[in-house]
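Letters go in sequence order (proteins before strands), and every chain restarts at 1.
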Amino acid sequence: MAIETYYPFQEAEPKWQQKWAERGLFRAQIDGKRPKAYVLEQFPYPSGKLHMGHVRVYTIGDAMARFRRMQGFDVLHPMGFDAFGLPAENAAIQRGVRPADWTEQCIDAMRAQLDRLGMSYDWDREVVTCRDDYYRWNQWIFIKMWEQGLVERRKAAVNWCPKCQTVLANEQVINGRCWRHEDTEVDVRQLDQWFLKITDYADELLRDLDDKLAAWPNLVTAQQRNWIGRSEGALVKFKVKETGEDLPIFTTRPDTLFGVSFMVMAPEHPKVQEWITGRPNEAEVKNFINKIVLEGRERRTDEAAEKEGCPLGITAINPVNGREVPIWIANFVLMEYGTGAIMAVPAHDQRDFEFAKKFNIPIHVVIEPEGQKLDAATMTAAYTEPGKMVNSAQFDGMDSVPAKRAIVEWLAGRNQGEPTVQYRLRDWLISRQRFWGTPIPFIYCEHCGLVPVSVDELPVKLPKDAKFGDGSPLAGVPEFVNVTCSKCGGKARRETDTMDTFFDSSWYFLRYCDAKNAELPFGGEAQSWMPVDLYVGGKEHAILHLLYSRFFTKVLRDMGLIKLDEPFSRLLTQGMVLAEGRDPRTGDVRFFKMSKSIGNVVDPSEIIGQYGADAARMFILFAAPPDKDLEWTTAGVEGIARFMNRLWRYLQTNLEALKKGFSENGDVAPSELASAEDRALLRQVHETTRRVTLDMGERQQFNTAISACMELLNALYGWELRDDSLARRLAATAMSRLALLISPFAPHLAEEIWSQIGAAGLVAEQPWPEWNQDALRVDEIEIALQVMGKVRGHMMVGVSEAEEAIKQRALADEKVKQFTDGKTIRKVVYVKNKLVNVVAN
RNA sequence: GCGGACGUGGCGGAAUUGGCAGACGCGCUGGAUUUAGGUUCCAGUCCCGCAAGGGGUGGGGGUUCAAGUCCCCCCGUCCGCACCA
């Protein structure tokens with residue numbers, strides 16, 4: 001009769017969690033003698049409840065942290081909370097609770113859940129961004145940035161989310177909609193706002209992607225490259241005939257300059273208003289501008305949108321040939337990019353071509369494909385490829401590619417243009433008209449104007465209460481707003497905008513290194529711990545958090561706070577957790593991202609209650625490689641629980657033998673074993689050790705590491721545990737090894753096995769096991785016998801057997817003979833320890 | 001359109017450098033234990049075939065003694081950006 005034995009995780013898990021805490025095993029210390037490993041997962045927003053996605057990131061990070069600790073690294077594995085943000089304000093509106101109280105409650109609940117999962121954090125370093133011992137350093141950094149000229153307050157066209165009731169950074173607008181409200185289009189408003197000059201670092205942010213972040217996933221570096229959008233070209237000055245002023249434009253195609261047949265300015269271009277004022281068509285132009293602006297940016301930037309334009313009735317003079325061309329305004333030219341004005345070459349740019357056709361503007365061909373003539377009258381599309389220059393004066397006959405440079409040099413010599421680089425990246429709009437964020441430490445003095453708060457007056461604390469609902473909550477708190485100027489003592493008004501919460505998360509990884517520093521945001525300890533060796537987080541931050549953090553690191557470096565170019569040497573972007581659900585539209589059953597609307601959310605607490613934290617952790621690591629999406633299935637979790645119980649049952653069934661074996665003389669050495677079965681098992685113990693070590697350390701493939709452990713257990717079940725000392729010791733070697741190897745994934749079960757078998761101390765403080773090359777060695781190995789690349793049989797060979805002898809034996813093999821019969825042997829290939837391939841025809 | 005990732009059994013996924021495709025797990029089939037169900041254990045499970053054998057990693061070509069892996073051309077899926085001059 002089968003023994004009904006189950007691993008009692010309900011008792012075991014809290015017991016070991018308490019022991020780890022008592023021993024302070026996860027407190028990070030660095031002595032410089034041992035290698036360090038900074039393992040970090042993106043900290044959560046404290047919503048009050050962990051979801052499966054959290055469990056996945058934190059399990060991956062914890063497995064790595066535990067592994068590195070056992071390997072003898074000094075490990076920093078901290079946790080904290082990204083605690084500023086709108087949900088706390090919504091809670092204030094809906095339930096009348098203070099954002100601070102609500103947030104702190106949520107933090108307590110989430111910390112408890114993380115502990116229940118057995119996460120090995122150094123809680124002494126906890127960082128909570130909404131506490132003033134953290135956000136005061138946001139303010140400090142902000143003022144230092146101001147001093148460095150990296151902060152600007154200026155009027156600009158900015159994105160406004162009507163739901164958030166605040167402005168957003170460009171990175172937070174997705175297809176014209178708010179990143180938190182997919183259903184909400186953002187408006188464009190002209191407002192005075194605070195910007196961080198991330199564009200000053202555009203070039204370095206781009207360059208370092210190539211070499212310093214070679215270990216990052218391509219997906220992320222490619223997205224960042226795309227976002228920064230470097231583009232080389234030239235600035236060319238056209239002269240406006242009617243006013244004598246310059247109209248500078250940016251182009252990547254100076255080789256097409258001789259083909260310019262019109263110019264286009266963005267409708268918002270400030271010069272437009274100026275130049276048309278008092279002209280006969282003033283009203284017409286203004287009507288057009290209004291129409292375009294009212295359409296909204298999203299409609300306007302849709303590629304499918306019809307090209308619309310309006311001539312200004314003024315002319316520009318082409319610096320290369322003196323040709324006079326009309327200036328238009330049109331919906332497809334954006335004020336934010338380049339100079340807000342372009343030269344249009346319909347023959348060689350598809351947009352310009354469509355526009356010219358629509359409005360009957362001449363087309364001048366200036367580049368032709370090798371050996372071919374282009375006729376402007378019959379062209380149906382722009383020719384955008386390189387080719388031979390024509391109709392371009394002294395440049396005729398040149399290849400268009402080198403001609404770019406030649407033309408720019410020629411222009412530069414006459415002071416009419418210069419080579420230049422444009423970026424798509426915009427400065428980071430950092431101010432928010434919200435309450436629950438870091439107050440921007442500035443005041444507006446009636447006499448002195450904009451004055452930064454002096455750093456020794458920090459923090460500028462948030463008031464406890466405010467009125468939520470309408471407009472900026474801080475503006476409605478007079479005690480907060482009304483101040484005296486620190487310079488002149490006169491009446492002043494405090495800035496009521498707060499910082500984008502991405503400011504908070506752009507440097508929290510540095511604060512963990514020195515979390516209690518009261519003098520500086522962080523000190524020298526950061527130099528010892530940084531960079532983060534493994535950063536685990538979601539792909540959704542590919543540009544946003546990850547770009548901002550890179551920017552901050554470079555800024556803080558240039559302020560002299562740390563010597564460091566990049567914060568995260570290795571990045572692991574984990575996939576989503578999916579579960580089966582029914583498509584609300586088609587009714588199909590398939591896997592979806594867990595969501596309330598589909599009703600396929602699996603609550604981690606329920607899983608922990610039913611199967612235990614270890615089963616949840618192990619399933620998550622086993623079901624898919626970390627960077628891929630994971631399909632959550634109950635059957636899969638049960639499969640893992642079954643493995644854990646099988647392991648447990650082996651221990652219980654053979655407990656006396658294992659305890660005895662463990663107490664007798666330690667691990668078995670290869671030289672002690674005679675029988676082939678024993679040697680095979682010991683070899684597998686070491687082979688498993690090797691595989692798990694490499695899968696974890698080199699490849700971060702936890703799924704295959706766990707498979708290897710399963711195979712070892714299967715082998716142990718298939719091996720006969722005899723009633724003798726050697727066999728007992730071998731079984732104990734295998735069992736104790738399994739405890740060590742699974743401990744990064746299932747730390748509680750590992751401790752329970754370790755203690756039951758009679759081992760001293762905690763698994764969490766054991767050194768990681770090493771594999772023994774002697775144990776891996778074999779005398780004989782089975783190789784494949786192939787004829788013409790097809791496997792026809794197998795054969796045992798001695799590891800030191802001569803190649804020639806092996807080939808002869810292979811040729812003499814019955815199966816091989818059967819397939820080579822009547823054919824000529826052309827060649828015999830031997831691959832050591834793998835196969836013999838006979839080529840015969 | 002540009003950029004990135006990917007395509008292997010019924011399913012999740014394995015396969016360091018080109019070297020026995022399908023490890024491990026789920027599911028399924030048969031059997032044992034059990035009053036029964038569950039649990040547990042044993043055997044099987046890429047496809048065709050009674051077998052010998054043949055076919056097989058999205059499709060088509062190529063290199064090679066040997067290709068899931070390398071090269072070329074297609075097809076498809078997913079993700080990001082998108083009138084950026």
Enquirer: Counting distance alone, no hydrogens or angles: does the base of rC79(B) have a donor or acceptor under 3.5 Å from a partner atom on the side chain of Lys539(A)?
Expert: no
Enquirer: Return the nearest nucleotide to the side chain of Ser231(A); candidates are rC24(B), rC65(B), rA85(B).
Expert: rA85(B)
Enquirer: Classify Gln350(A) by what it touches in the nucleic acid, base, sugar-phosphate, or nothing, heavy-atom distance under 4.0 Å.
Expert: nothing
Enquirer: Students often get this wrong, so: under 4.0 angstrom with heavy atoms, is Asn714(A) touching a base, only sugar-phosphate, or nothing?
Expert: sugar-phosphate
Enquirer: Are Lys807(A) and Glu803(A) within salt-bridge range, i.e. N to O under 4.0 Å?
Expert: yes
Enquirer: With the side chain of Val831(A) defined as its heavy atoms from C-beta on, choose the nearest nucleotide among rG19(B), rC20(B), rG4(B).
Expert: rG19(B)
Enquirer: OP1, OP2 of rG25(B) versus side-chain N and O of Asn703(A): anything below 4.0 Å?
Expert: no
Enquirer: Sequence neighbours left out, what passes ring pair (Phe, Tyr, Trp, His ring centres under 6.0 Å) with Trp179(A)? Give chain and number order.
Expert: Phe502(A)
Enquirer: Does a nitrogen or oxygen in the side chain of Arg642(A) sit under 4.0 Å from OP1 or OP2 of rC26(B)?
Expert: yes
Enquirer: Indicate, with yes or no, if the rings of Phe745(A) and Phe622(A) have centres closer together than 6.0 Å.
Expert: no
Enquirer: Is the phosphate of rG54(B) approached by Arg792(A) (side-chain N or O, under 4.0 Å from OP1 or OP2)?
Expert: yes
Enquirer: Need the glycosidic conformation of rG10(B): syn if within 90° of 0, anti if not. Which one?
Expert: anti
Enquirer: Will you find, in the side chains of Glu171(A) and Tyr548(A), an N or O donor that is under 3.5 Å from an N or O acceptor?
Expert: yes
Enquirer: Which letter, B, S or -, goes with each nucleotide of nucleotides 42-49 of chain B from 5' to 3', with contact meaning a protein heavy atom under 4.0 Å?
Expert: --------
Enquirer: If the threshold is 4.0 Å, N to carboxylate O, is there a salt bridge linking Glu354(A) and Lys357(A)?
Expert: no
Enquirer: Ignoring backbone atoms, establish whether Gln818(A) has a side-chain N or O less than 4.0 Å from OP1 or OP2 of rG53(B).
Expert: yes
Enquirer: Nearest to the Tyr6(A) side chain among rG4(B), rC83(B), rU39(B), which nucleotide is it?
Expert: rU39(B)
Enquirer: Answer yes if the side chains of Tyr830(A) and Asn837(A) hold a donor-acceptor pair under 3.5 Å, and no otherwise.
Expert: no
Enquirer: Heavy atoms under 4.0 Å, any strand shown: does Phe643(A) hit a base, just sugar-phosphate, or nothing?
Expert: nothing
Enquirer: May I ask you to verify if any side-chain N or O of Lys834(A) is less than 4.0 angstrom from the OP1 or OP2 atom of rG18(B)?
Expert: no
Enquirer: Hey, which sits more toward the 5' end of RNA chain B by its nearest nucleotide, Gln701(A) or Val173(A)?
Expert: Gln701(A)
Enquirer: Starting the side chain at C-beta, find the nucleotide from rG53(B), rG12(B), rA66(B) nearest to Lys815(A).
Expert: rG53(B)
Enquirer: Does a distance-only test, which skips hydrogens and angles, find a donor-acceptor pair under 3.5 Å between the side chain of Arg690(A) and the base of rU16(B)?
Expert: yes
Enquirer: Asn226(A) and Arg424(A): side-chain donor and acceptor closer than 3.5 Å?
Expert: no
Enquirer: Checking contacts here: which listed nucleotide (rC11(B), rG13(B), rG4(B)) is nearest the side-chain heavy atoms of Glu631(A)?
Expert: rC11(B)
Enquirer: Does Asn226(A) make a side-chain donor-acceptor contact with the base of rC81(B), cut-off 3.5 Å?
Expert: no
Enquirer: What does Pro625(A) touch in the nucleic acid at a heavy-atom separation under 4.0 angstrom: a base, only the sugar-phosphate, or nothing?
Expert: sugar-phosphate
Enquirer: Stem ranges for RNA chain B, with three or more consecutive Watson-Crick or G-U pairs under 3.5 Å?
Expert: B:1-7 with B:75-81, B:10-12 with B:24-26, B:27-32 with B:40-45, B:46-48 with B:53-55, B:58-62 with B:70-74
Enquirer: Report which part of the nucleic acid Gly639(A) touches: base, sugar-phosphate, or nothing (heavy-atom distance under 4.0 Å, all strands).
Expert: sugar-phosphate
Enquirer: With respect to the side chain of Gln786(A), which nucleotide from rC20(B), rG13(B), rA15(B) is positioned closest?
Expert: rC20(B)
Enquirer: State which of rC20(B), rA85(B), rG4(B) makes the closest approach to the side chain of Leu835(A).
Expert: rC20(B)
Enquirer: So, is Arg424(A) near the phosphate of rA85(B), with a side-chain N or O under 4.0 Å from OP1 or OP2?
Expert: no
Enquirer: With respect to the side chain of Phe819(A), which nucleotide from rG53(B), rG19(B), rA85(B) is positioned closest?
Expert: rG53(B)
Enquirer: Just to be sure I understand the rule, does Asn837(A) reach a base, reach only the sugar-phosphate, or reach nothing, if contact means heavy atoms closer than 4.0 Å?
Expert: base
Enquirer: Determine whether the side chains of Gln224(A) and Arg550(A) contain a donor N or O and an acceptor N or O closer than 3.5 Å.
Expert: yes
Enquirer: Quiz question: by atom type and distance under 3.5 Å, do the side chains of Asp427(A) and Thr199(A) form a donor-acceptor pair?
Expert: yes
Enquirer: So which nucleotide from rG4(B), rG19(B), rG25(B) ends up closest to the side chain of Met710(A)?
Expert: rG25(B)
Enquirer: Does the ring-ring contact (aromatic ring centres under 6.0 Å, His included) test come out yes or no for Trp328(A) and Phe359(A), once each step is laid out?
Expert: CA-CA 11 Å; Trp328(A) 289 61; Phe359(A) 293 103; 4.8 Å; yes
Enquirer: From C-beta outward on Gln223(A), which listed nucleotide comes closest to its side chain: rG80(B), rA85(B), rG4(B)?
Expert: rG80(B)
Enquirer: Check this for me, if you would: do Asp629(A) and Lys593(A) make a salt bridge, where the nitrogen-to-carboxylate-oxygen distance has to be below 4.0 angstrom?
Expert: no
Enquirer: Show, in sequence, the C-alpha distance, side-chain angles and deciding distance for Lys291(A) and Glu308(A), and conclude whether the side chain to side chain contact (heavy atoms under 4.5 Å, CB included) test is met.
Expert: CA-CA 10 Å; Lys291(A) 177 171 164 258; Glu308(A) 293 182 70; 2.5 Å; yes
Enquirer: Hey, does Asp695(A) reach any base, or is it just sugar-phosphate, or nothing, if we go heavy atoms under 4.0 Å?
Expert: nothing
